[in-house]
Asker: 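Starting off with a structure, shown below.
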Amino acid sequence: MDSLDSVAETVLRRRYLRRDENGNVVETPAGMFRRVAETLAQAEGRFDGDVEATGRTFYEAMTALEFLPNSPTLMNAGTELEQLAACFVLPVEDSLESIFTALKQAALVHQSGGGTGFSFSNLRPEGDVVKKTGGVASGPVSFMRIFDAATEQIKQGGRRRGANMGVLDASHPDVEMFVTAKEGTGAFRNFNLSVATDAMFWEAYDAGEPYDLVNPRTDEVVGQADPDDVLDLAAETAWETGDPGLLFLDTINEHNPTPQLGRLEATNPCGEVPLLPYEACVLGSINLARHTDGEAVDWDKLRETVHMGVRFLDNAIVLSDFPVSEIEEMMTATRKLGLGVMGFHDMLVDLRIPYYSREAVEFAGELMSFIHDESWAASRQLADERGPFPAWEDSTRAEPMRNATTTTIAPTGTISLIAGCSASIEPIYNVAYTKQVMGGLEIVNDRFVDLAKERGFYAEELMAELHDRTSIQNVEEIPDDVKQLFHTAHDVPADGHLRVQAAFQEHVDNAVSKTVNLPRSASVEDVKDVFLTAREFGVKGITVFRSGARSEQVLGETPLQ
Ligand code: ADP
């Protein structure tokens with residue numbers, strides 16, 4: 001296999017490679033990829049496919065770092081815990097029975113390496129009556145605390161802590177409490193939060209009028225809120241803590257492929273997959289950095305990788321064990337895949353396109369449209385071979401497909417470290433820096449180093465000087481055209497982040513996980529502006545992160561950039 005860099009070696013050794021009962025690593029990286037490839041190829045046997053040839057193809061794609069599945073697949077394939085998906089949504093109904101069932105199911109999902117999302121909108125508000133006991137209800141936010149505490153205790157076999165997404169509808173009477181839940185140190189460390197907004201909320205906002213707050217237990221209107229105040233409050237807390245974000249439920253449901261099975265009300269922890277209760281999704285990401293010839297996109301190779309990726313992920317659904325039988329049922333009904341990309345910024349560097357440019361946004365659309373079309377073609381082909389997803393007939397998909405969805409943009413927090421590429425569709429963090437995870441990882445941008453050598457401005461002292469800066473734009477030694485290719489997350493203004501997100505979203509079945517970075521000096525009003533622009537751009541959800549905000553991000557080991 002291609003040699004891995006030392007960051008990849010460290011990440012794999014610490015979290016992925018199998019260990020014996022004494023904790024000693026008993027697997028090499030190549031051995032891990034072989035285990036995963038051979039396991040995933042087994043699914044071919046059920047459909048008269050070629051197990052061996054497919055195994056080789058999967059192995060080659062992973063060892064060449066052209067494609068990697070989500071972490072649970074790398075960790076669990078071919079082991080006793082054959083749970084391969086990263087994303088889950090669990091239902092929470094308005095009863096103690098349901099709340100504690102969800103808690104138990106979430107624990108099982110976390111233990112298997114997955115992240116869980118919940119809508120808490122069905123829970124009666126704080127102070128409402130509890131008929132059975134004549135008592136007073138404690139409300140969604142207080143129950144979320146129990147989920148948070150439970151998550152803290154489950155360490156996923158020592159590899160990573162669990163992660164949750166908590167969603168509450170803007171029309172819930174406790175919305176204010178929810179919006180400000182992360183204020184104060186350490187609250188809800190294991191949660192990302194999103195306020196769900198819909199047409200009713202935005203029509204009221206546009207009209208400058210209040211909207212109704214409804215008790216979900218009785219469907220009675222119990223008060224009103226000013227949408228502008230709610231947005232202000234959300235912007236204020238997001239300014240301080242990074243949460244909450246917003247979900248645009250109408251946009252999400254416009255694209256719901258299986259409305260006959262229900263309305264989409266929640267997403268997985270990082271927001272890239274809206275799912276029905278008990279649905280799950282297996283993710284995989286194409287490393288774009290390995291799909292150029294150094295100057296232009298290798299479209300033929302990309303097409304091949306997309307087709308391989310869809311087959312790989314569908315095989316994962318065939319083989320995956322799920323810790324809860326309801327998940328097994330839903331997963332088999334819709335067979336949702338989340339094929340996405342990483343190394344987008346690296347690819348732009350090869351194409352000599354600055355990240356913050358109109359050209360980059362146009363190219364993003366062209367690229368993702370290609371991947372989308374090819375992934376649907378691959379899924380249709382699989383439907384011919386294996387049959388369409390069982391819920392296909394009443395779905396919005398005109399032609400038989402094997403999967404209700406094929407595409408997603410995930411954060412690729414850890415797998416991009418293994419692949420040695422820029423994360424997801426994000427701009428780089430810097431050309432050289434220490435990433436504060438797993439005891440400190442030294443990340444150096446190979447493309448920058450190569451260009452510096454080629455152009456004759458490479459020097460160890462320069463690299464040392466650039467280390468841990470958040471921008472290279474003011475460094476004299478670096479030629480302007482090179483500077484332009486290495487815009488960092490901090491150089492790219494909010495509208496640049498959002499335009500890239502929107503360009504990808506247009507061609508993605510599920511959603512796009514993207515962090516819109518704002519400088520430390522940004523105001524609360526700036527955060528609110530991003531919320532409003534996100535709505536205008538028609539994305540499905542939005543997360544804003546102001547540099548210096550208390551970064552109690554859920555994914556401690558996989559910060560979002
Ligand atoms: P990776 O790079 O490890 O495959 P991503 O950063 O792309 O993962 O995240 C994809 C999804 O995996 C997240 O949205 C979430 O659903 C799940 N996930 C990520 N990190 C964790 C974690 N620490 N615990 C549980 N689930 C996680």
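Both ligands and their constituent atoms are indexed starting at 1 by order of listing.
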Asker: Which of these, Asn268, Thr334, Thr405, sits in a side chain to side chain donor-acceptor pair (under 3.5 Å) with Glu279?
Answerer: Thr334
Asker: Is the Phe344 to Phe504 ring centre distance short of 6.0 Å?
Answerer: yes
Asker: Which atoms of ligand 1 sit under 4.0 Å from any heavy atom of Asn70?
Answerer: 4 (O)
Asker: So which of Ala410, Pro69, Ser71, Cys270 gets nearest to atom 3 (O) of ligand 1, if we judge by its closest heavy atom?
Answerer: Ser71
Asker: Going by the order shown, which atoms of ligand 1 are within less than 4.0 Å of some heavy atom of Gly413?
Answerer: 2 (O), 5 (P), 6 (O), 7 (O)
Asker: Short list, please: which atoms of ligand 1 are under 4.0 Å from a heavy atom of Cys87?
Answerer: 16 (O)
Asker: Restricting to non-hydrogen atoms, name the atom on Met308 and the atom on Thr57 that form the minimum distance, rounded to 0.1 Å.
Answerer: CG-CG2, 3.9 Å
Asker: Can you tell whether the side chains of Asp148 and Arg189 come within less than 4.0 Å, N to carboxylate O?
Answerer: no
Asker: Decide if atom CZ of Arg13 counts as having more than 12 heavy atoms of other residues, nucleotides or ligands within a radius under 6.0 Å.
Answerer: no
Asker: Considering only heavy atoms, which of Met342, Met165, Glu272, Arg161 lies nearest to atom 22 (C) of ligand 1?
Answerer: Arg161
Asker: Regarding atom 2 (O) of ligand 1: of the candidates Leu283, Thr116, Val11, Thr414, which has the closest heavy atom?
Answerer: Thr414
Asker: Going by the atom numbers of ligand 1, which of them fall below 4.0 Å from some non-hydrogen atom of Gly114?
Answerer: 25 (C), 26 (N)
Asker: Could you report the tightest heavy-atom contact between Phe147 and Ile99, atom names first, then the distance?
Answerer: CZ-O, 3.6 Å
Asker: Write down the atom of His307, the atom of Ala378, and the distance for their closest heavy-atom approach.
Answerer: ND1-CB, 3.5 Å
Asker: Would you check the N or O atoms of Ala86, main chain and side chain alike, for any that come under 3.5 Å of an N or O of ligand 1?
Answerer: yes
Asker: Taking His345 as the fixed residue, which of Tyr355, Tyr356, Tyr429 is the one that meets the ring pair (Phe, Tyr, Trp, His ring centres under 6.0 Å) rule?
Answerer: Tyr355
Asker: Under 3.5 Å between some N or O of ligand 1 and some N or O of Gly162?
Answerer: no
Asker: Just jot down the ligand 1 atoms closer than 4.0 angstrom to any heavy atom of Gly115, in number order.
Answerer: 25 (C), 26 (N)
Asker: Would you mind listing which atoms of ligand 1 come within a distance below 4.0 Å of any non-hydrogen atom of Pro411?
Answerer: 5 (P), 6 (O), 7 (O), 9 (O)
